[in-house]
Amino acid sequence: MKITRISLWHVPLTSHETYYMADGKTCDSVESVVLRLDTDTGLQGWGEACPIPHYLPAYARGVAPAIAELAPVLLGADPVGPEAVMEKLNRHLQGHAYAKSAVDTALWDLTAQVAGLPLHALLGGRQHADMPLYHSITCVAPDEMARMAHEAFDQGMRQFQVKLGAEGDWQADVERLKKVREAVGAGPLVYGDWNCGSSALNATRVGRAVAHLDVMLEQPCASLAECAHVRAATGLPMKLDESAHDMASVIEGHRAGCMDAAALKLSKMGGLSKMRQIRDLCLHLGTQMCIEDTWGSDITTAALLHLAASTPARGLMNTCDLSHYVAPRLDARAPSRMKGRIAPPQGIGLGVHPDAGALGQPDAILD
Ligand code: 0XW
Ligand code: MG
């Protein structure tokens with residue numbers, strides 16, 4: 001079997017609610033890059049990479065040039081056995097995890113199709129009928145966030161991520177956490193996420209002000225040392241996200257004692273091949289996992305749902321249906337949330353079939 005063509009589309013994803021994070025990071029319309037690998041057997045594999053501007057060291061218009069650089073190694077290669085192909089790509093081009101993530105997903109899609117199996121069967125085997133979701137609440141006025149939380153609670157959501165730090169007012173962040181906790185009542189998991197946008201001082205002040213509310217703090221500061229300081233100063237559980245981006249940093253986060261939970265993101269880690277290894281490491285470490293990606297539509301969501309479906313319950317805190325937050329849906333039949341939970345795609349491979357109408361003509365073809 002050989003890869004005969006690489007096709008790329010730049011697809012603008014528009015948020016249903018403009019999604020505000022700290023330091024002005026915003027998802028209103030974000031460009032996603034969809035990749036398809038064609039083979040000499042007629043089978044096709046799909047991948048996607050959707051960086052959020054200014055969020056991680058990645059940008060949408062960096063994907064196509066990186067893929068073009070990798071094309072001479074990829075074209076003609078046998079896609080079955082993703083890790084072997086990724087080894088060759090990594091030797092040819094170092095870094096660029098976010099671009100390689102789209103290729104890696106497409107390789108896994110093809111490998112699972114050839115095996116006649118759903119992708120989760122190759123990632124460890126299906127462990128769940130469906131998985132718990134969290135709902136991420138954009139950083140707006142506290143009362144509006146509480147309304148959004150209550151609406152999501154009524155729809156069955158029981159885990160809530162409260163975006164913090166949009167205007168750098170720590171007391172407003174205290175109000176956000178208080179109002180959301182009030183809206184959802186005791187019991188649901190609530191965590192406040194600054195996306196690196198707080199000082200250790202202000203995150204400590206927020207943590208101490210809400211310590212009675214049973215909340216977790218997520219990535220308050222840019223450095224692991226600052227996050228570890230906040231965890232020690234507040235005693236509140238902490239989830240790492242931007243600081244946990246590869247095997248070494250996950251081990252470092254565990255050693256620093258501030259990684260009760262971690263966000264495993266597909267494109268941050270370079271794809272399913274790497275993310276599966278880090279998933280298994282987190283299981284060994286006892287770290288609770290959020291299995292997700294940065295942003296994206298149905299292809300990205302399908303890939304992370306297969307990994308979540310193959311992750312034992314003891315390590316799976318939640319997963320994320322990124323396709324819920326944006327339009328267009330690339331595959332109307334792809335999984336959607338149901339009462340706070342979501343099932344992986346059905347069928348063999350990745351199990352998504354992007355609609356040609358939604359994609360239009362490719363923006364680049366490499367063969
Ligand atoms: C909630 N997210 C998945 C959306 C953006 O990628 C940020 C991320 C997070 O957890 O920070
Ligand atoms: Mg986060």
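The first residue in the sequence is number 1, and the count goes up from there. One-based numbering, in listed order, for ligands and for the atoms of each. These figures come from a predicted structure and were not determined experimentally.
Aromatic pair Tyr19/Trp295: ring centres closer than 6.0 Å. Aromatic rings from His150 and Phe160 are positioned such that their centres are separated by 6.0 Å or more.
Among the atoms of Glu242, no N, O or S atom falls under 2.8 Å of the Mg ion (ligand 2).
Using a 4.0 Å cut-off between charged nitrogen and carboxylate oxygen, Asp321 and Arg337 count as a salt-bridge pair. The residues Glu144 and Arg147 are annotated as salt-bridged, a charged nitrogen and a carboxylate oxygen being separated by less than 4.0 angstrom.
Nearest to the Mg ion (ligand 2), among the N, O or S atoms that Asp193 has, is OD2.
For the side chain to side chain contact (heavy atoms under 4.5 Å, CB included) with Val114, the lone residue among Ile348, Leu43, Asp78 that qualifies is Leu43.
Between the CZ atom in Arg231 and the CG atom in Leu240 there is a gap of 10.0 Å [rounded to 0.5 Å].
Centred on the Mg ion (ligand 2), the angle running from Glu218 (OE2) to Asp241 (OD2) is recorded as 100°, rounding to 10°.
Under 4.0 Å from any atom of ligand 1, one finds heavy atoms of residues Tyr19, Met21, Ile52, Tyr55, Tyr134, Ser136, Gln161, Lys163, Asp193, Asn195, Glu218, Asp241, Lys265, Glu292, Asp293, Thr294, Trp295.
Between the side chains of Arg5 and Thr39, no donor-acceptor pair is found at a separation under 3.5 Å.
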